[in-house]
Amino acid sequence: MAGYMDDDWLPPSEDEEEEAAECELPDYGDVNFWTEVYTQQRGRELAPQEWLVSYGHFCAQGWRRFLPPGGRVLDLGCGDAEFMTEAYDDGYHDITGVDIVEPVLETMRQRNVDRPGMTYLWADAMDLSVFEDESFDVVFDKSTLDALKCRGAEATSSMSSEVHRVLRRDGVYLCISLNPPEDAQPAIEGTACGRKWDVEVMVCENENYDGADGPPKHLYMLPHLLLGNILLIAI
């Protein structure tokens with residue numbers, strides 16, 4: 001009934017309103033959010049330095065086999081994670097990191113100044129026109145897809161299309177996501193260029209999971225191998 005109010009209802013207190021606001025997730029698709037994170041205007045509680053999985057945990061799953069020796073790697077939405085720095089020290093010496101926040105790119109340039117072959121460029125995952133077609137053997141995405149899902153299907157479709165374009169014919173797109181496959185897979189498969197991915201889902205336990213509410217228990221990696229005009233599932 002219009003205008004009905006429960007006799008036991010009370011408006012939320014100031015403390016309850018503040019607690020509710022703190023529980024709301026930020027808009028991870030907003031460049032202003034990331035600018036605040038990487039210029040120390042915002043805490044890192046909801047934007048940790050090493051998203052989802054460390055290089056050591058990645059290798060422990062046997063997933064290192066998807067990084068070909070001597071291959072050219074694009075780290076899509078690199079942020080300030082140590083993942084690719086550790087990959088470089090493990091023998092991968094042709095790595096390009098891109099991000100939409102220039103200050104974090106400068107941080108990474110300084111951090112890796114003694115690692116020739118690590119390059120950092122400003123680029124939007126939805127528009128990688130700074131790169132020519134078929135430029136990379138591997139496109140590595142650790143939760144960039146998750147962030148762009150906040151902006152909707154058009155954003156993820158544009159990103160997926162660009163990943164297609166910059167991958168070499170025998171290249172592989174490695175997408176590590178906290179979204180379950182039923183959410184992440186359609187976002188990847190629906191490319192703006194009209195081509196389709198074949199997706200294989202691999203699951204591992206989140207190394208940051210402590211059994212409590214917070215980090216999800218499982219993470220998902222969705223590798224996609226492109227060969228000629230035929231999409232093959234990476235095994």
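FYI, the numbering just counts along the sequence from 1.
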field: side chain to side chain contact (heavy atoms under 4.5 Å, CB included) between Val98 and Leu74, worked out
entry: CA-CA 8 Å; Val98 298; Leu74 175 64; 3.8 Å; yes

Side chain to side chain contact (heavy atoms under 4.5 Å, CB included) assessment of Leu105 paired with Cys78: CA-CA 8 Å; Leu105 293 169; Cys78 62; 4.0 Å; yes

message: For a side chain to side chain contact (heavy atoms under 4.5 Å, CB included) check, start with the C-alpha distance between Asp80 and Asp99, then their side-chain angles and the critical distance, and finish with the verdict.
response: CA-CA 10 Å; Asp80 58 358; Asp99 207 283; over 6 Å; no

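The shortest distance between side-chain heavy atoms of Thr96 and Val73 does not fall below 4.5 Å. The closest side-chain heavy-atom distance from Leu128 to Met159 is not below 4.5 Å.
Ring geometry for His93 versus Tyr88: interplanar angle of 30 to 60°, hence tilted.
Panel note: side chain Trp63, backbone Phe58; no donor-acceptor pair is recorded below 3.5 Å. Under the 3.5 Å distance criterion, the side-chain polar atoms of Glu106 are left unmatched by any main-chain donor or acceptor of Glu102.
Exactly one of Met84, Arg72, Arg64, Met118 qualifies for a side-chain contact (heavy atoms from CB on, under 4.5 Å) with Tyr92. That residue is Arg64.
When only modelled atom types and interatomic distance are considered, Tyr173 and Asp141 share a side-chain donor-acceptor pair under 3.5 Å. Between the side chains of Tyr55 and Asp90, at least one donor-acceptor pair of N or O atoms lies under 3.5 Å. Side-chain contact check for Ser158 and Asp127: no donor-acceptor pair (N or O, by modelled atom type) lies under 3.5 Å.
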